[in-house]
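Okay, structure first, notes after.
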Amino acid sequence: FSKKAEKKDEIIPEIEEILITSDFGVEFTQQIISELEKRVGAYEREEVLAVLREILKERISLASRAPQPAQDSRMTVHLVFGVNGTGKTTSIGKLAFRLKKEKRRVLIAAADTFRDAAIEQLSEWARRADVPVIRQGQGADPGAVVYDAIDAAYSRKVNDLIVDTAGRLHNKERLMEELKKISKILDKKAPGETQNRLLVLDATTGQNAIEQARQFNEYTGVDGIILTKLDSSAKGGVACTVSGMLGVPILWAGTGEKIEDLVSFNIDEYIDILLS
Amino acid sequence: TLTQKLAGVFKKVRGWGSLTEGNIKEGIREIRLALLEADVSYKVVKSFIDKVTEEAKGEKVLKSLTPSQQFTKIVHDNLVELLGGAPADLGIKSGGISVIMVVGLQGSGKTTTCTKLAQWVEQNFGKKPLVVAADPYRPAAVEQLVLLCRKSQIAVFNRENARPPEICAEALRHAKENSFGAVIIDTAGRLEIDETMMEELVEIKKRIDPHEILLVADAATGQVAVTVAQGFHERIGITGIILSRMDSDARGGAALSMSYVTGRTVSFIGTGEKVEDFERFYPDRIASRILE
Ligand SMILES: Nc1nc2c(ncn2[C@@H]2O[C@H](COP(=O)(O)OP(=O)(O)OP(=O)(O)O)[C@@H](O)[C@H]2O)c(=O)[nH]1
Ligand SMILES: Nc1nc2c(ncn2[C@@H]2O[C@H](COP(=O)(O)OP(=O)(O)OP(=O)(O)O)[C@@H](O)[C@H]2O)c(=O)[nH]1
Ligand SMILES: [Mg+2]
Ligand SMILES: [Mg+2]
């Protein structure tokens, strides 16, 4: 009996360290550990890791549980948002590239009219993806850009309209209200279409991502997560916590700075890397 | 808050000498949780806890009439000490050209910070700053820096079709010929695990011999703060840290991790997207934020 306790005393702290240093957070880690202790028989390494994998898969929302696209909608409107510097603009370039390769008609809206050279940066990515951009000048009303973009999307029979927005901190009320307004314009002006609210999270971010997700979910709702910079030394565990908390899947992972560096998030591969 | 939690742990302790091993253990546990929840890296929490535990078992707490206050004070004082004690300053020399290299992960706020630094140097040290656009990779990075500097009437140097080490060397020559007092280099974001890109920083450093190499990191950085800071420090030697986006509600535990592993202190914080959103860092403010 004491051999089991010995093994447990070795492996449980090890698992705890893996989860905490991967940014799963104290609370989520504790929940996983207590679930693990309920299900594990002998504390053999193989068995513990297998049970851990099971638990993680249950708690992280899978893409297969994502809402299905609207029945007779030809167009999907992707609104991309998140705090500053997370990789929104770059991810839009990657996503547009990928959708275009799948033979879809794609259009990008440059609704970050605030940050210096944001429109130029996005336009360069659009050029690389060979996708048109709807843009106005720096300082234009982002709502006006979106308005134009929807008109253009309909007239060009676009399948995917991807909207880039300015980075904004979730605790800045005025900026969050601005985003909410943009989201409402998309709902009103493209009513029958599939609306995808995409939150971009940076894998190097810590527990603050939870509050980010909560606030963005409050103001615009979140349908999916893009987890960027997974090529870094960070594991992005907090995105898993967020996925479980909001019940939304991590749809895409950013794995570098090139246009091809976007993959469909695969939970098994992710857990492999986590536990390697 | 941690202060409240510690008060809860010790509320049943009355009077001199009645503190138990159990109370201390529970208090230590609360501190550990608070630090991890504030994003302080796991191994940094471990050493911090070891140090605090030793002090907590000492005379002051055992004989104190208010153990929870004494406990909180030990944590607070150790946080402040780890964060560098007093606010640090920029290593701007009185004569010659001060060269500052700005480095960090992708999207951490370097480009924005370079403009803020330039204005700070001009207003606080009376030196004419030259900002150098040494990121030829990110689309429109040079445009971004040029626009930012132009808005604040700060001189900016860029060179098309040149590699960063050459750009920096040429910028330094330009600075000497045009009586600039400080050169601030905006480098491309990079991973500390990217050999080629870290080698580029080593090469830039060799060419321009900087007085300051500042690591810009997001205040909301998680557990990797310790790995990232260590990576940059071991390769090129960090002389200071700047925490960006401190206007978020992030707890900022990354400050502790990075100070711990580099032995350097956070000297400035970014508090917004405008050039004036830049302040000196006060250790006891972050200590309070973490204890919140
Ligand atoms: N290593 C790595 N870098 C990335 C990834 N995605 C984006 N980046 C980099 O992160 C930095 C910021 O990317 P942006 O696309 O400008 O981020 P953003 O969210 O649009 O930034 P703001 O609009 O200023 O809020 C750039 O240097 C990108 O190249 C990724 O998956 N891996
Ligand atoms: N709210 C807030 N935003 C900031 C702060 N510092 C930078 N930002 C924003 O963060 C985003 C990224 O800033 P950049 O200066 O482009 O970051 P960078 O490190 O140069 O990015 P790369 O060159 O791609 O590595 C931009 O949207 C900035 O406006 C800050 O202190 N507060
Ligand atoms: Mg952007
Ligand atoms: Mg930059």
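The sequence lines fix the lettering, A, B, ..., with proteins before strands; numbering per chain opens at 1.
- Contacts of B/Glu37 classified as salt bridge (charged side-chain N to carboxylate O under 4.0 Å, His left out), with partners at least two apart in sequence or in another chain: none.
- No hydrogens or angles considered: nothing links the side chains of A/Arg115 and A/Gln138 as a donor-acceptor pair under 3.5 Å.
- Contacts between residues 226-239 of chain A and chain B, defined by a heavy-atom separation under 4.5 Å, are made by A/Lys229, A/Asp231, A/Ser232, A/Ser233, A/Ala234.
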Steps toward ring pair (Phe, Tyr, Trp, His ring centres under 6.0 Å) verdict (B/Trp120, B/Phe268): CA-CA 10 Å; B/Trp120 180 273; B/Phe268 293 95; 5.0 Å; yes
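- Side-chain contact annotation: B/Ser259 with B/Arg264, donor-acceptor N/O pair under 3.5 Å absent.
- Salt-bridge annotation for B/Glu195 and B/Arg235: present, with a side-chain N of the basic residue lying under 4.0 Å from a carboxylate O of the acidic one.
- Residues B/Asp218 and B/Thr221 approach most closely at O-OG1, 2.6 Å, considering heavy atoms.
- Ion pairing of A/Glu257 with B/Arg138 is absent here, as no side-chain N (NZ or NE/NH1/NH2) approaches a carboxylate O to less than 4.0 Å.
- A salt bridge is absent between A/Glu35 and A/Arg59; no separation between the charged side-chain nitrogens and carboxylate oxygens falls under 4.0 Å.
- Using a 4.0 Å cut-off between charged side-chain N and carboxylate O, A/Asp116 and B/Lys151 make a salt bridge.
- Residue contact with chain A, scored on non-hydrogen atoms closer than 4.5 Å, involves the backbone and the side chain of B/Ser248 alike.
- Considering every non-hydrogen atom in both A/Val83 and A/Lys88, the closest pair reads O-NZ, 2.9 Å.
- At a threshold of 4.0 Å, the pair A/Arg98-A/Glu260 does not count as salt-bridged, since none of the basic side-chain nitrogens sits closer than that to a carboxylate oxygen.
- Taking 4.0 Å as the cut-off between side-chain N and carboxylate O, A/Arg45 and A/Glu14 count as a salt-bridged pair.
- Of all residues spanning residues 164-173 of chain A, those with a heavy atom less than 4.5 Å away from chain B's heavy atoms are A/Gly167, A/Leu169, A/His170, A/Asn171, A/Lys172, arranged by number.
- No more than 12 heavy atoms of other residues, nucleotides or ligands shown are found within 6.0 angstrom of CZ on A/Phe114.
- Chain A forms the most heavy-atom pairs under 4.5 Å with one residue out of B/Glu143, B/Gln223, B/Glu192, and that residue is B/Gln223.
- The candidate from A/Glu211, A/Gln207, A/Glu124 with the greatest count of non-hydrogen atom pairs under 4.5 Å with chain B is A/Gln207.
- Most heavy-atom pairs under 4.5 Å with chain B, from the set A/Gly93, A/Ala117, A/Ala118: that is A/Ala117.
- Interface remark: B/Arg32 contributes side-chain atoms only to the contact with chain A (heavy atom separation under 4.5 Å).
- Of all residues spanning residues 22-31 of chain A, those with a heavy atom less than 4.5 Å away from chain B's heavy atoms are A/Asp23, A/Val26, A/Gln30, arranged by number.
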Would you check, one step at a time, whether the test side chain to side chain donor-acceptor pair (under 3.5 Å) holds for B/Asp39 with A/Asn208? CA-CA 9 Å; B/Asp39 287 325; A/Asn208 193 247; over 6 Å; no
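- For a residue to count as touching a neighbouring chain, one of its non-hydrogen atoms must lie under 4.5 Å from one of that chain's; by this rule B/Lys43 does not touch chain A.
- Nearest heavy atoms, A/Val248 versus A/Ser243: O-OG, 2.7 Å.
- Neither the backbone nor the side chain of B/Asp194 comes within contact range of chain A; no heavy atom of the residue lies under 4.5 Å from a heavy atom of that chain.
- Across A/Leu49, A/Ile32, A/Leu275, a single residue satisfies side chain to side chain contact (heavy atoms under 4.5 Å, CB included) together with A/Ile15, and that is A/Leu49.
- A donor-acceptor pair is defined here as one N or O able to donate and one able to accept, closer than 3.5 Å; such a pair exists between the side chain of B/Thr187 and the backbone of B/Val102.
- With a threshold of 4.5 angstrom between heavy atoms, B/Leu105 approaches chain A through side-chain atoms but not through N, CA, C or O.
- In this structure, chain B has heavy atoms under 4.5 Å from both the backbone and the side chain of A/Glu120.
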